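Below, chain A is the first sequence line, B the second, and so on; all start at residue 1. In this text the structure is predicted, and so the values were computed from the model without any measurement.
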Amino acid sequence: MRVGLAISGAAHVIMLTWSTLVFPSAEIFEVDAVQSLPVDIITASELTRIMAGEEDAPEAEPETAAVAETVPEPPTQTAALPPEQTPPAPEQTPEPTPEVAAEPAPTPEPEPEPEPVAEPTPEPEPQRVVINTDAMQMPSFRPRPPRRAEPAREQFDADRIAALLDKSPENEPQRQQNDSQSDQPATRGQSGGSDNTMSISDIDLLRRQISRCWSPPVGVRGAENLAVAIRMTLRRDGSLSGPPQVDGGINGNIERVAAESALRAVRRCAPYQLPPEKYETWRDIRVTFDPRQMLGG
Amino acid sequence: MMPVVLAQTVPAVELGDFSFFNQFLQAHIVVKIVILGLLAASVWSWAIIVDKYLQFGRARRQGEKFERVFWSGQSLEELYGSLSHGVNHSMPALFVAAMREWKRSHEGGTRASDSVNMRIDKVLNVAISREMERLEKRLLFLANVGSIAPFVGLFGTVWGIMTSFQAIAVSKNTNLAVVAPGIAEALFATALGLFAAIPAVIFYNKFTSELAHQNNRLEWFADEFSTILSRQLEDRS
């Protein structure tokens with residue numbers, strides 16, 4: 001038994017040392033470093049509603065900016081351009097002048113402030129008019145406007161916060177709709193953007209490419225109603241496989257002009273870049289040229 | 001869009017941190033006990049295996065040599081004379097025990113051959129069982145190790161996995177670096193259990209079959225020898 005124990009013990013010691021020599025440590029598992037990419041999940045409609053911007057467009061907040069500019073220097077403005085500013089004055093005078101005459105306190109100021117929110121065109125005109133007319137009508141009290149403007153500025157600050165709060169959730173889409181429908185000057189985030197509610201990004205892509213080449217019939221009366229449907233067949237590389245055709249009848253010269261402009265646009269932008277894996281969906285496609293949607297910029 | 005760099009939490013594992021020895025040192029005390037116990041069981045069972053291997057080999061060789069001498073026509077008295085002074089095992093032990101009994105009854109001058117036969121048979125049976133007992137000794141330990149060591153190893157494994165889950169719960173982190181040490185030590189315990197159990201089972205089976213073989217040979221020899229002795233008794237009477 002002693003022999004067996006000695007042999008066994010020796011064998012175990014040898015084996016343990018051997019194992020520690022052969023497997024000295026676990027080998028470090030080499031894994032390629034995983035690069036983590038931040039991913040924003042957005043829906044297709046969010047993507048298509050992103051609008052191109054124009055850098056030199058005026059600020060989107062007209063009221064506050066205009067006030068800040070005009071308030072510090074009312075006397076020079078009035079001195080320089082009295083005749084130019086008179087035309088708006090008669091229109092607006094009924095509103096501010098009685099109040100100014102009654103008391104020079106700053107109370108009338110907040111009242112015109114909420115108006116831009118309600119009106120579709122948030123222009124700072126009424127405010128500027130108020131100051132100018134006031135200064136024009138009472139040139140003897142020239143020091144007054146600045147004095148009036150100081151308490152007014154404080155109040156403007158408070159109102160500005162309220163206006164911003166009011167504006168952010170509700171009035172923003174309203175204004176966008178207004179801008180895209182009417183012939184407003186380009187603002188930031190508007191030019192060339194097509195704010196359509198289409199969420200299918202492929203159709204939107206095609207629409208965007210076509211609208212770049214399309215000069216819609218602007219000067220025509222009732223141009224908004226000149227919707228023309230064009231049917232086009234495309235090859236896989238995006239070029240036209242046949243001449244585009246007007247879908248539906250044409251009556252009248254104006255409509256013919258609109259159709260011609262649409263056809264021209266389709267031909268001019270001919271190789272379209274569309275996802276080739278979805279070729280079946282845009283092989284034969286019908287595009288409606290609606291000035292109401294494409295006229296944005 | 002903020003370029004968020006997710007911190008790659010790489011645990012600071014030093015080289016050589018996961019050798020068997022370090023792993024053992026880092027293990028929980030229960031797992032340590034299990035590992036030590038399994039190591040001891042492995043050492044002891046291998047000691048038994050070596051011992052039994054030598055013992056069975058010796059018994060087989062002695063038996064063959066004795067049978068050759070026994071059936072060579074040599075006188076039984078001479079053979080007894082040459083063997084009776086040493087320590088004998090296996091077949092020579094049977095032979096010596098039976099011859100001693102035969103001689104005693106022969107020298108006593110008893111005539112009753114039946115009782116002498118009976119006594120010789122009994123002496124042979126006792127010698128066989130003593131021999132079997134000697135060969136069987138400690139084989140039970142091999143059987144125990146073979147059947148229990150996996151369970152003991154499994155106990156260590158369960159304990160190690162328990163600790164790793166506790167580590168998860170405490171650190172509130174499912175990182176593999178938190179879980180891995182516990183699992184590694186746990187698997188180490190199972191490995192040791194199997195390491196001890198597998199040879200134990202293999203050699204236990206081998207030795208039991210050899211034991212049966214040895215038992216058969218002793219039985220055959222005892223039967224043959226008692227036949228020879230009883231014939232001698234009848235011839236003499």
Side-chain angles (χ1 to χ4, degrees), chain A residues 1-55 60 168 172 188-193 195 199 201 204-205 208, chain B residues 1-25 35-36 38-58 134 137-138 141-142 145 176-177 180-181 183-185 187-188 191-192 195-196 199-200 203:
Chain A
M1 200 62 222
R2 225 172 271 158
V3 179
L5 196 58
I7 291 174
S8 160
H12 275 82
V13 167
I14 288 169
M15 218 195 54
L16 279 178
T17 48
W18 174 80
S19 68
T20 46
L21 285 178
V22 171
F23 312 112
S25 67
E27 284 179 23
I28 286 174
F29 209 60
E30 291 288 345
V31 185
D32 294 339
V34 181
Q35 286 228 321
S36 50
L37 293 172
V39 176
D40 290 344
I41 297 175
I42 55 169
T43 59
S45 76
E46 270 180 85
L47 184 73
T48 54
R49 286 171 78 91
I50 290 172
M51 281 170 270
E54 218 173 73
E55 290 230 339
S168 49
E172 206 71 52
R188 269 187 198 172
Q190 271 310 127
S191 163
D195 182 16
S199 63
S201 56
D204 197 67
L205 187 65
R208 197 166 293 208
Chain B
M1 207 185 270
M2 286 264 292
V4 182
V5 179
L6 292 179
Q8 289 244 317
T9 50
V10 176
V13 178
E14 294 164 24
L15 267 176
D17 216 11
F18 274 84
S19 70
F20 287 153
F21 190 65
N22 279 328
Q23 217 169 321
F24 170 74
L25 286 183
I35 287 172
L36 284 181
L38 286 173
L39 257 184
S42 175
V43 169
W44 186 238
S45 63
W46 271 100
I48 291 169
I49 286 165
V50 170
D51 187 54
K52 287 291 145 186
Y53 192 81
L54 296 176
Q55 202 179 1
F56 275 105
R58 221 182 299 132
R134 198 179 62 88
K137 205 171 142 193
R138 297 200 183 103
F141 184 80
L142 285 191
V145 167
L176 206 56
I183 289 177
E185 73 188 40
L187 295 181
F188 188 47
L192 263 185
F195 176 78
F203 282 98

Can you sort out the partners of B/S42 under side chain to side chain donor-acceptor pair (under 3.5 Å), two or more places apart, ordered by chain and number? A/H12
Looking at every non-hydrogen atom in both residues, tell me the closest pair between B/A47 and A/L5 and how far apart they are. CB-CA, 3.3 Å
Heavy-atom closest pair, residues B/V50 and A/G4: CG1-CA, 3.6 Å
Under 4.5 Å from any heavy atom of chain A - which part of B/I49: neither
What part of A/I7 gets closer than 4.5 Å to chain B, counting heavy atoms only: side chain, backbone, both or neither? side chain
Evaluate B/W46 against A/M15 for side-chain contact (heavy atoms from CB on, under 4.5 Å), listing each step before the verdict. CA-CA 13 Å; B/W46 271 100; A/M15 218 195 54; over 6 Å; no
Answer yes or no: does atom OH of B/Y53 have more than 12 heavy-atom neighbours from other residues, nucleotides or ligands under 6.0 Å? no
